[in-house]
Number of protein chains: 2
Amino acid sequence: MTDNSSTPETEVLSLLPTRLRTARRDKGLSLDAVAKLSGVSRSMVSQIERGESSPTIATLWNLTRALQVDFAGLLEGVDEPAGIEVLRNAHVPLIANAGQGCSIRILSPPEEVGRHEVYDIRFKENGILDSAPHKRGAREHLTVITGNVRIKAGQQVELLGPGDTARYPVDQPHTISAEAGPAQVFLVVQDA
Amino acid sequence: MTDNSSTPETEVLSLLPTRLRTARRDKGLSLDAVAKLSGVSRSMVSQIERGESSPTIATLWNLTRALQVDFAGLLEGVDEPAGIEVLRNAHVPLIANAGQGCSIRILSPPEEVGRHEVYDIRFKENGILDSAPHKRGAREHLTVITGNVRIKAGQQVELLGPGDTARYPVDQPHTISAEAGPAQVFLVVQDA
DNA sequence: GGAAAATTTCCGTGATTTCGGAATTTCATG
DNA sequence: CATGAAATTCCGAAATCACGGAAATTTTCC
C-alpha cells in the first residue's frame with residue numbers, strides 16, 4: 001500500500017485497520033467467521049486489519065455490514081470528551097435576537113454543529129421563529145413541552161399540543177410559532 | 001466490477017457514481033481538473049463515475065477531499081419522509097417495564113435507531129433507570145425539564161436541576177435516577 | 001456547417017487487490 | 001511440555017484497479 005503520510009488528512013485512513021479489528025474482536029468473531037458473514041476472504045480481512053492493503057469500497061462495505069459498524073462513522077476522527085459534561089441552567093448560551101418573542105437556549109456543544117444540535121426554545125405569546133432552508137437531508141425533531149405551537153414546513157402546516165412531537169425535513173423554509181399564549185419546545189436538528 | 005445485485009443493501013453502492021459525477025458537475029469542474037486536485041487520474045475518475053470500477057477507499061478519500069463532499073454521507077441511503085410527521089401525545093410508544101418507577105416515551109422513529117434516538121423519560125419519586133453499556137462512541141445528551149436527577153456514568157456522578165444539561169459517553173454502565181421527588185428529562189442518544 | 005478546443009472515453013501496461021489453500025502461530029488441555 | 005484445535009498469517013494465481021497517452025465525442029465559435 002502506498003502510504004505517503006505527508007498530509008495529516010491521510011492519516012485518518014490509518015485508523016481504519018485498528019477500528020475494524022477492534023470491532024471484530026469486540027464481537028468475539030474470528031477472521032473465518034467474518035469471512036463467511038461478509039463474503040470477503042479470511043486473508044483479505046487479515047491484510048486489511050493489518051493495514052497492508054487498502055480495501056475497495058465494495059469489500060469495505062461488505063465488511064461493515066458483517067461487523068455491524070457504521071460505514072459513515074468509520075472514517076471520522078475520534079475526539080469525544082471522556083467524562084460527564086455539565087451545562088448549568090444559568091450558563092446555557094442564549095440566542096435572543098432570532099425570530100420574534102423567542103429565546104433559544106443552545107444545549108449541544110459547538111463540536112457537534114452540523115451533525116447534531118439540541119435546542120430548548122421558549123416562546124412568548126405570539127412568538128415566532130422563521131428559518132431559512134438548511135442543507136439537503138437535514139431534519140428537525142420537535143417536541144412540545146408546554147403550550148401550543150404551529151409548525152410550517154414548506155407548504156404543510158401542523159398544530160401541536162403538549163407532549164406532541166413532529167419530525168420534518170428542513171431543506172426548505174420553515175417556521176415555528178406559539179399558537180395561543182407562551183410555549184416551550186425541545187428541538188433536535190439532525191445533519192444541518 | 002462484480003455487481004451481484006442480489007442483496008438490496010448492495011445497491012447503495014450503485015448510488016455512489018452518480019453522486020460523485022453530480023458533485024463534480026455542480027462545481028463546474030472537468031475530469032482533468034479534479035484529477036489534478038485529487039491526484040487521481042482522469043481515466044480513473046471517469047471509470048468510477050460510470051460505475052465501471054469500485055475505487056479503493058484511499059482513492060475515494062482523495063476524491064471526496066477534492067470535491068469537498070462529505071465522505072460519511074456519501075454512502076447513506078436517501079429515504080427520508082417528505083412532509084411533517086406528527087406523533088400525538090396520546091399515541092407516543094411507551095416502555096413501562098424498564099428500570100423502576102420510570103416510564104420512557106419513545107419520540108424518535110424506528111428507522112433512526114442506532115443513529116439518533118430521542119426519549120422523554122418521566123420518573124416517579126425514587127425512580128431509577130439502569131443501562132448496560134452501548135456501542136463504543138455512543139453518547140447521551142440529557143436535559144432536565146422538571147425535578148432533580150442524579151447521573152452516574154462509569155465512576156463519575158453529577159447532580160442536575162431543572163434546565164441543566166449533561167453529556168456523557170455511554171460505552172460504559174450508566175444510571176439516571178430521580179433525586180428528591182419525581183422528575184422529567186429529555187434524552188437524546190447518539191450513535192447507539 | 002466546419003475547424004479548433006475542450007472534455008470524455010477507450011486501451012495497453014504495471015501495480016494492487018482478492019482469493020483459496022498451505023504454513024505458521026496461538027491457545028487450551030491433559 | 002507435548003498434543004490437537006483453532007485462529008492467523010504467508011504465498012502463489014487470477015482478477016481488478018490505476019495510470020498515461022491515443023481515439024472519440026461534445027462544445028464553442030466563426
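So that the names make sense, note that chain A is the first sequence line, chain B the second, and so on, each numbered from 1.
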Please encode protein proximity along nucleotides 6-13 of chain C as a string of B, S and -, counting only heavy-atom distances under 4.0 Å.
-SSBB---
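Within the 4.5 Å cutoff, the side chain of B:L159 has no heavy atoms near those of the B:N148 side chain.
Using a 4.0 Å cut-off between charged nitrogen and carboxylate oxygen, A:R122 and A:D120 count as a salt-bridge pair. Salt bridge B:R150/B:E158: absent, no basic N to carboxylate O contact under 4.0 Å.
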Let me see the working for A:S46 and A:R42 under side-chain hydrogen bond (donor to acceptor under 3.5 Å, both in side chains), right down to the final yes or no.
CA-CA 6 Å; A:S46 175; A:R42 289 167 279 278; over 6 Å; no
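A side-chain N or O of B:T143 and one of B:T165 form a donor-acceptor pair less than 3.5 Å apart.
Atoms CE (A:M44) and P (D:dA7) sit 20 Å apart, rounded to a whole Å. The separation between A:K36 atom NZ and C:dG20 atom C1' is 12 Å, rounded to whole Å. With rounding to whole Å, B:L63 atom CG is found 14 Å from D:dC17 atom P.
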